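Working notes, structure below.
Because the structure is predicted, anything quoted here is derived from the model rather than measured.
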Amino acid sequence: MRRRAAPRVIALAVAALLGAARPAVAAPASQPATAPALPPPPPVTVAPAPRLAVPRLTVDWRIDGPVTGVLAVTLVATEYRIASLAPAACHWCQSNAFDRAGRDLRWGAIGTADALSYVTLFLTPAVTVALLGLDAYPAGGLRRWADDTLIAAEATALAGVLTQAVKLAAGRQRPFVRALPPADRAHTSDPADNNLSFFSGHASLAFAAATSVGTVATLRRYRLAPYVWAAGLTLAALTAYLRVAADKHYATDVLTGAAVGAAVGWAVPYLHYRLKW
């Protein structure tokens, strides 16, 4: 029995030794929990940029050209025939305290002030239209510049015709004529012009030109619009002042002329812009 048990004991010992020498196998680590899959993000859509309204000033030369021409011819014709159209005697002969105080602005050399008022009257449309062209020509060439100029010319001619009609109807005596002795009033350098004081044509035309060109520049969103307004209104205001300095008009004459000219100068371009003729 002992001989048979010995090999079994030896085998058990060897097996124990081999088990001790075998490296321990680490238990498999538990797998981390898998996070739930997120839904894909929605596609990013870029909204198109809002379209800016493009300012439009529609000019129909078949209509606006003849209208401007008729207004201009009417203005020149009434000026040429003013001797036969003007009232021989004043309809409005009296002054007021405000206008009498305004006469303190007259110059000693009223002839110089009178001549300068014509210079500034000419410069008002010349300078403003030139500034307008610096933006109009790059934007649309000579056609754009011509369209813009026609609108301003139409407004200025309309203001001139309205001024002539009111002057002939009002028959207000000019301040320098009223200051003369009654016997000398018929012997001025231009007796037909003695009773055409209200309202000032120089102020009306200058402000119509300045405002119409400035309104066109603003509606077109031109870069130089502020400079057009500054130059135009400065020259127009100087023109109005010089008419008082020349003793040709009362203060109310030039203020009314400025208001009428500015109103027409704003309205004509704005109607072209809104009505889409």
Side-chain angles (χ1 to χ4, degrees), residues 57 64 67-79 82 92 98-99 102 105 113-114 116-132 148-170 172 174-175 193 196-219 225-246 248-274:
L57 282 173
D64 295 299
V67 167
T68 304
V70 169
L71 289 171
V73 169
T74 302
L75 178 61
V76 173
T78 54
E79 190 67 28
I82 202 70
W92 181 0
F98 178 76
D99 284 334
L105 296 174
D114 187 24
L116 287 176
S117 70
Y118 283 90
V119 174
T120 55
L121 175 62
F122 169 78
L123 286 177
T124 302
V127 171
T128 53
V129 169
L131 288 173
L132 190 70
D148 294 349
T149 303
L150 179 62
I151 295 173
E154 188 175 15
T156 305
L158 177 59
V161 171
L162 290 175
T163 303
Q164 290 287 65
V166 174
K167 274 188 171 188
L168 295 172
R172 187 180 194 186
R174 293 190 182 272
D193 191 56
L196 299 176
S197 187
F198 186 83
F199 45 84
S200 170
H202 280 65
S204 175
L205 291 172
F207 273 91
T211 306
S212 60
V213 178
T215 303
V216 168
T218 298
L219 292 176
Y227 300 97
V228 172
W229 281 107
L233 292 180
T234 298
L235 288 168
L238 182 57
T239 301
Y241 161 73
L242 287 171
R243 297 308 286 168
V244 177
K248 291 287 188 177
H249 287 285
Y250 293 107
T252 51
D253 297 335
V254 298
L255 290 175
T256 305
V260 172
V264 174
W266 170 83
V268 171
Y270 198 81
L271 287 175
H272 280 78
Y273 174 70
R274 289 297 180 187

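- Distance CZ/Arg243 to CG/Leu105: 14.5 Å, rounded to 0.5 Å.
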Full working for side chain to side chain contact (heavy atoms under 4.5 Å, CB included) between Leu150 and Thr68
CA-CA 8 Å; Leu150 179 62; Thr68 304; 3.6 Å; yes
Ignoring hydrogens and angles, write down the donor-acceptor pairs under 3.5 Å from the side chains of residues 255-269, residues two or more places apart or on other chains.
from	atom 1	to	atom 2	distance (Å)
Thr256	OG1	Thr252	O	2.7

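- For the pair Thr124 and Ala206, the tightest heavy-atom approach, listed with the atom from each and the gap, is CG2-O, 3.4 Å.
- Sorted by first and then second residue, the salt bridge (Lys or Arg N to Asp or Glu O under 4.0 Å) pairs involving residues 227-237 (not counting sequence neighbours) form an empty list.
- With rounding to the nearest 0.5 angstrom, the CG atom of Leu238 is 8.0 Å from the CG atom of Leu116.
- Formation of a donor-acceptor pair under 3.5 Å by the Ser204 side chain with backbone atoms of Ser200 is not found in this model.
- Minimum interatomic distance between Gln164 and Thr78 (heavy atoms only, all atoms of both residues): NE2-OG1, 3.3 Å.
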Set out, in order, the CA-CA distance, both residues' side-chain angles and the distance that settles side chain to side chain contact (heavy atoms under 4.5 Å, CB included) for Ile82 and Asp193, then state yes or no.
CA-CA 8 Å; Ile82 202 70; Asp193 191 56; 5.6 Å; no
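- The shortest heavy-atom contact between Gly232 and Thr128 is CA-CG2, 3.5 Å.
- In this structure, Ser117 contributes its side chain and Asp114 its backbone to a donor-acceptor pair below 3.5 Å.
- Not a single donor-acceptor pair under 3.5 Å links the side chain of Thr211 to the backbone N or O of Ala208.
- Considering every non-hydrogen atom in both Ser197 and His249, the closest pair reads O-ND1, 2.6 Å.
- Note on residues 67-79: no pairs pass salt bridge (Lys or Arg N to Asp or Glu O under 4.0 Å), not counting sequence neighbours.
- Classification of Asp253 and Arg172 as a salt-bridged pair holds, one side-chain N sitting under 4.0 Å from a carboxylate O.
- In this structure Tyr118 satisfies the ring-ring contact (aromatic ring centres under 6.0 Å, His included) test together with His202, sequence neighbours excluded.
- Annotation: side chain of Leu205 is not in contact with side chain of Thr163 (no heavy-atom distance under 4.5 Å).
- In plain terms, the two heavy atoms of Ala157 and Ala72 that are nearest each other are CB-N, 4.1 Å.
- Of the candidates Val73, Thr74, Val67, Val67 is the only one forming a side chain to side chain contact (heavy atoms under 4.5 Å, CB included) with Leu71.
- Annotation: the span from Leu57 atom CG to Leu219 atom CG amounts to 5.5 Å, rounded to 0.5 Å.
- Residues passing the ring-ring contact (aromatic ring centres under 6.0 Å, His included) test with Tyr227: none are found, sequence neighbours excluded.
- For Trp229, there are no ring-ring contact (aromatic ring centres under 6.0 Å, His included) partners two or more places apart in sequence or in a different chain.
- The two residues Ala152 and Val213 have their closest heavy-atom pair at CB-CG2, 3.6 Å.
- Note: Phe199 CZ to Lys167 NZ = 9.0 Å, rounded to the nearest 0.5 Å.
- Side-chain atoms of Asp99 and Pro175, non-hydrogen and from C-beta on, never get closer than 4.5 Å to each other.
- The shortest distance between side-chain heavy atoms of Ile151 and Asp64 does not fall below 4.5 Å.
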